[in-house]
2 protein chains.
Amino acid sequence: MTDQSGNIFGDGPVVLQVGGPLYLQLKRWVEDAIKRGLIKPGDALPSERDLALRADVSRVTVRKAVQHLVQEGVLVQRHGSGTFVAPETQRVEQSLSQLTSFSEDMARRGMAVRARWLERGLYLPSPEETIILGLGSGERVARISRLRLTGDVPLAIERASLSSSVLPEPLTIADSLYKHLEKSGNRPVRAIQRIRAANIPEDDAHLLEVPVGSAVLHIERISYLATGRVIEFTRSTYRGDTYDFVAELRLGDPSNGARTP
Amino acid sequence: MTDQSGNIFGDGPVVLQVGGPLYLQLKRWVEDAIKRGLIKPGDALPSERDLALRADVSRVTVRKAVQHLVQEGVLVQRHGSGTFVAPETQRVEQSLSQLTSFSEDMARRGMAVRARWLERGLYLPSPEETIILGLGSGERVARISRLRLTGDVPLAIERASLSSSVLPEPLTIADSLYKHLEKSGNRPVRAIQRIRAANIPEDDAHLLEVPVGSAVLHIERISYLATGRVIEFTRSTYRGDTYDFVAELRLGDPSNGARTP
DNA sequence: GAGTGGTCTAGACCACGCA
DNA sequence: GCGTGGTCTAGACCACTCG
């Protein structure tokens, strides 16, 4: 009697509301189905060809609607497998006033985290690195790039640059960069962080396993020793769908206006 | 001999490098042209039909390449007018440790800002508003929604909710909400802010004049009086391409924001 | 009105996953 | 091997901008 074979929508025709371009009508229709619980996170959508047939539109139009929803993180597509309603993801919070390292931060809240090395070693510095880190001429820069994961879910890409005088042997870092720096008395006490939103480019999208163009937080951090010396320059990319930054604001003296000295 | 008529690429055929999907090849080709200065911010691209002809691909394929670049903020399209290389935008910075209002913040750095009212008045509260603002039963909520602009460029959408006991007459607000609250002794002294990246949905995209799916910063702010009472609950959406948030981090006790250099 | 981007179609082939 | 999504085409009409 009923069609149980993975077809959550039944097999009747798809009836669109009127108004606007077809792909937006279809998009609304899918959003509706999800909102009403006809189809839940993890469930498969009918195939593009099936939807096209039943909504009486071309497959290109179906793809345009689906593509928008993938873009917004509502759906995920797996080549050769199907289109699915995105699972709900738990968001991670990070303080914006306390200076911590990623691994310490996660350990504190009892999350299992791993890191995959992307790059590690001594390099010729870029002009930008030379200026920001205040490198002497001929001095090398230590670069550490990591992919941060909880379980199998990538969370962030972190690319740090430090003076080679501070980190002469990048390969000896075991887990936490800040712990390592602490041993040599070089742990930063202060940092300026610049945060903005961006659409992720292709290469990073693959690393973080999100669709190209997804929103991410781009964070640039410059860390200082108590002496005022710049010790670390880090560019990180955090997945927008799993990361929250939390800040506490107070009225009054801007303290520093957050300006580099 | 040379074609000066707005055709920056000349009129020869477009030669693509090999490898991968055509639309990505074409995308790379356009990026290259911009990188090499053949075409500068503000310049028009050849029309989609022209590009298709010269690259020997279909217009659909051209559109897919262009669409990706629009998504990444490299190009902008104007219906009926053409496709252009995006102008470089100046980024705005905002402190993440000092509690200020948008209008005060902008006035301080001498930027001309305007606001357009989107919504203003007393409403029946949503369950969320009731809980967060601690509304009594039957109490109304004051909602203030504004579109923030500098000149003609939209910067942010701000949707604030306050208890009607604090703001009984939302229509009387002239410019700055915080100034208004100060008059009645209700200016917040502390706030918790939650920041994350998201792809902008359709409706907000029109307001901010950015393509659907662009990266934006989503900020949720809960503000407190000195008494500890919640006074304001605001959801804002900031354009990712024009807004930077700056935070200063310090090692040690997180409960005290930032003090003593 | 000429030219631009925006939407849409019907049909084709390829690359991937899974049983 | 079959069904899925991924890419691509040639051609059509609409909606908008601008001279």
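Reckoned from all heavy atoms, side chains included, excluding hydrogens, waters and symmetry mates. Throughout, protein chains are lettered first and strands after them, A, B, ... in sequence-line order, and every chain is numbered starting at 1.
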Problem - Check: F245(A) ring centre within less than 6.0 Å of F245(B) ring centre - result: no
Handout entry: Qualifying residues under side chain to side chain donor-acceptor pair (under 3.5 Å), relative to R78(B), sequence neighbours excluded
Key = none
Problem - Heavy-atom closest contact (I200(A) atom, P211(A) atom, distance) - result: CG2-O, 3.6 Å
Handout entry: 5' priority, DNA chain C, between R49(A) and V62(A) [closest heavy atom]
Key = V62(A)
Side-chain donor-acceptor pairs under 3.5 Å in residues 57-64 of chain A, sequence neighbours left out?
from, atom 1, to, atom 2, distance (Å)
S58(A), OG, V60(A), N, 3.4
S58(A), OG, T61(A), N, 3.3
S58(A), OG, T61(A), OG1, 3.2
R59(A), NE, E48(A), OE1, 2.9
R59(A), NH2, E48(A), OE1, 3.0
R63(A), NH1, E48(A), OE1, 3.3
R63(A), NH1, E48(A), OE2, 2.9

Exercise for the section: Applying side-chain contact (heavy atoms from CB on, under 4.5 Å), name anything that partners E119(A), two or more places apart in sequence or on another chain. Expected result: Y123(A), R143(A), S145(A)
Handout entry: Considering all heavy atoms, the nearest G213(A)-N199(B) contact
Key = O-ND2, 2.9 Å
Practice task
Give, ordered by number, those residues of residues 204-213 of chain A having at least one heavy-atom distance below 4.0 Å to an atom of DNA chain C; if nothing qualifies, reply none.
Solution key: none
Fill in the blank from the handout: L53(B) atom CG is separated from dT4(C) atom P, nearest whole Å, by 12 Å
Exercise for the section: Can you measure from CD (Q77(A)) to CG (L45(A)) and round to the nearest 0.5 angstrom? Expected result: 9.0 Å
Exercise for the section: Could you tell me whether the side chains of S236(A) and E158(A) share a donor-acceptor contact shorter than 3.5 Å? Expected result: no
Exercise for the section: Tell me yes or no: between the side chains of E128(B) and S126(B), is some donor less than 3.5 Å from an acceptor? Expected result: no
Please produce a list of atom pairs where a protein N or O lies less than 3.5 Å from an N or O of nucleotides 15-19 of chain C.
from, atom 1, to, atom 2, distance (Å)
dA15(C), N3, H79(A), NE2, 3.0

Handout entry: Contact nearer the 5' end of DNA chain D, comparing R63(A) with V60(B)
Key = R63(A)
Practice task
Could you list where the contact with chain A starts and ends along DNA chain D, reading 5' to 3', using a 4.0 Å heavy-atom cut-off?
Solution key: dG3(D) to dT7(D)
Practice task
Would you give the length of the straight line joining atom CD1 of I144(B) to atom CD1 of I173(B), rounded to the nearest 0.5 angstrom?
Solution key: 3.0 Å
